[in-house]
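Heavy-atom basis, side chains included; hydrogens, waters and symmetry copies ignored.
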Amino acid sequence: MKGYTWKIAGYTEKGKGKENNEDSYLFRSVENGGKGAAVLAVADGVSSLGNGEVASGKVMGNLLNWWNTSALDGSLTYKEKLGKLESLLEETNRELISWGEDNGVRTGTTASILFVWNDNYEIFHVGDSRIYRLGGRKWDRLLQLTRDQVCRIGRNRGECAYYKNAMTDCLGYRESFRIFRTSGKIKKKDVFLVCSDGACRKLQKEEMQNAIQVYRGHIDEMVGKIGGRARACGETDNITMTAIQISG
């Protein structure tokens, strides 16, 4: 196994005209002689349902508990750590549904989680937030690693038809939901970006890629520049992201 180190940063900004920032994010890491672990996550509360900050905050609270216990538990295998992470999402979904029933409301949130363990990465994803990776031999390929869980809905407005994307899966809305999972190996110079849709909806992939390339090695500036560019392009939603750059 190769030895890797990394830098991590986060960024969040309340959307224009929003009463609350319904996004939440988390990043934690430990390193030891080129080996280590890291978790990065973003949850975007579904504003149309209300109480989005409660839902996204619950995801991050439960994830932090998993990190402090299961992720760092030396007696658990890598597979067992991942199993407990999947169970965490299922339990969080049940908790949010129960909370909504107790309070006479409905709520929901996305959840996009990147877990790095030594030279492996694993992704757990629900909803339409995203995880990107910039890598490749020439460090010039920005790839979306997650799959947007949305469907296209058409509506008529007068004589014109217009379309919007509706999210098909989230946590807290109903008992059944799908977890999108994928995994791979990290490589030197890789950058992973975990973000709410506010950070990427109005930006072309090329703009995000350029910001990552220009500010590589300065990851705090990188996430700030992406957030600022999204706002300059007219984004009014909350913007949240966390990023990790691999070195070694």
Side-chain angles (χ1 to χ4, degrees), residues 1-2 4-11 23 25-27 29 37-44 82 85-86 89 110-152 165 167-169 178-230 233 235 237 239-248:
M1 190 207 89
K2 297 179 181 179
Y4 292 103
T5 58
W6 44 65
K7 296 179 180 179
I8 304 180
Y11 174 95
D23 294 352
Y25 73 102
L26 171 75
F27 59 89
S29 72
V39 64
L40 297 86
V42 165
D44 181 356
L82 300 181
L85 182 51
E86 184 167 351
L89 292 175
T110 70
S112 295
I113 302 168
L114 172 70
F115 178 47
V116 176
W117 179 258
N118 295 332
D119 57 353
N120 302 293
Y121 74 83
E122 193 86 21
I123 286 173
F124 291 75
H125 166 79
V126 181
D128 64 352
S129 296
R130 292 181 175 180
I131 300 179
Y132 292 94
R133 179 186 191 179
L134 184 67
R137 290 184 178 180
K138 296 183 179 180
W139 214 65
D140 61 355
R141 292 185 301 155
L142 183 65
L143 302 176
Q144 182 180 338
L145 300 181
T146 52
R147 185 178 302 153
D148 295 343
Q149 293 177 325
V150 298
C151 65
R152 200 176 188 213
N165 288 330
M167 194 156 49
T168 58
D169 287 275
R178 297 168 299 160
I179 300 175
F180 172 84
R181 288 185 59 176
T182 189
S183 60
K185 296 287 187 180
I186 64 173
K187 297 180 180 180
K188 186 179 178 181
K189 294 187 179 181
D190 275 349
V191 173
F192 293 85
L193 180 69
V194 185
C195 61
S196 63
D197 63 343
C200 57
R201 180 168 40 212
K202 291 187 178 296
L203 284 182
Q204 296 293 323
K205 183 187 290 187
E206 292 76 15
E207 291 182 276
M208 297 181 69
Q209 178 172 308
N210 182 64
I212 294 171
Q213 290 172 324
V214 169
Y215 292 95
R216 61 181 177 178
H218 304 280
I219 199 163
D220 289 298
E221 291 185 68
M222 180 191 298
V223 292
K225 290 296 181 181
I226 293 173
R229 183 56 187 158
C233 289
E235 183 57 67
D237 198 1
I239 297 172
T240 301
M241 71 194 87
T242 179
I244 181 170
Q245 179 167 332
I246 311 297
S247 59

Find the distance between CD (Q204) and CD (Q209) and round it off to the nearest 0.5 Å.
12.0 Å
Check L203 against I226 and note the closest heavy-atom contact, atom names and distance.
CD1-O, 3.8 Å
Using a 3.5 Å distance criterion without hydrogens, assess whether the side chain of E235 forms a donor-acceptor pair with backbone atoms of A199.
no
Looking at Y4 and I186, what are the two nearest heavy atoms and their distance?
OH-O, 3.5 Å
Closest non-hydrogen contact found for V194 with V42 is O-CG2, 3.5 Å
Quick one: do R178 and F180 satisfy side chain to side chain contact (heavy atoms under 4.5 Å, CB included)? Show the steps, please.
CA-CA 6 Å; R178 297 168 299 160; F180 172 84; over 6 Å; no
Is the closest side-chain heavy-atom distance between L26 and T242 below 4.5 Å?
no
Would you mind reporting whether Q144 and C200 have side-chain heavy atoms less than 4.5 Å apart?
no
What's the separation between atom SG in C195 and atom CZ in R130, rounded to the nearest 0.5 Å?
7.5 Å
Find out whether Y25 and M241 are in side-chain contact, i.e. whether some heavy atom of one side chain is under 4.5 Å from a heavy atom of the other.
no
Looking at every non-hydrogen atom in both residues, tell me the closest pair between A41 and I113 and how far apart they are.
CB-CG1, 3.9 Å
About how many Å separate NZ of K185 and CG of D119, when rounded to the nearest 0.5 Å?
4.0 Å
Compare every heavy atom of Q149 with every heavy atom of G127, then report the nearest pair and how far apart it is.
N-OE1, 2.6 Å
So for atom CZ, which belongs to F27, do other residues, nucleotides or ligands contribute more than 12 heavy atoms lying within a distance under 6.0 Å?
yes
More than 12 heavy atoms from other groups under 6.0 Å of CZ on R181
yes
Sort out for me which residue in I244, V39, L145 forms a side chain to side chain contact (heavy atoms under 4.5 Å, CB included) with L114.
I244
Whether T110 side chain and D44 backbone form a donor-acceptor pair below 3.5 Å
yes
Let's go through R216 and V191 carefully: what are the C-alpha distance in whole Å and the side-chain angles of both, what is the deciding distance for side chain to side chain contact (heavy atoms under 4.5 Å, CB included) to 0.1 Å, and is it a yes or a no?
CA-CA 8 Å; R216 61 181 177 178; V191 173; 5.6 Å; no
Of D220, V116, L40, V223, which meets side chain to side chain contact (heavy atoms under 4.5 Å, CB included) against I8?
L40
Whether the side chain of Q245 engages the backbone of I219 through a donor-acceptor N/O pair (distance < 3.5 Å, no angle test) should be reported.
no
For D197 and D128, indicate whether the former's side chain and the latter's backbone hold a donor-acceptor pair under 3.5 Å.
no
Checking F115, Y121, Y132 against F192 for ring-ring contact (aromatic ring centres under 6.0 Å, His included), the one that qualifies is Y121
So CG of L134 and NZ of K189: to nearest 0.5 Å the spacing works out to 11.0 Å
Just verifying a value: how many Å separate N210 CG and L142 CG, rounded to the nearest 0.5 Å?
11.0 Å
Locate the shortest heavy-atom distance separating D148 from S129; write the atom from each residue and the value.
OD1-O, 4.2 Å
Using a 3.5 Å distance criterion without hydrogens, assess whether the side chain of T146 forms a donor-acceptor pair with backbone atoms of I131.
yes
Are S247 and K7 packed together at the side-chain level, in the sense that at least one heavy-atom pair is separated by less than 4.5 angstrom?
no
Would you give the length of the straight line joining atom CG of L193 to atom CZ of R133, rounded to the nearest 0.5 angstrom?
13.5 Å
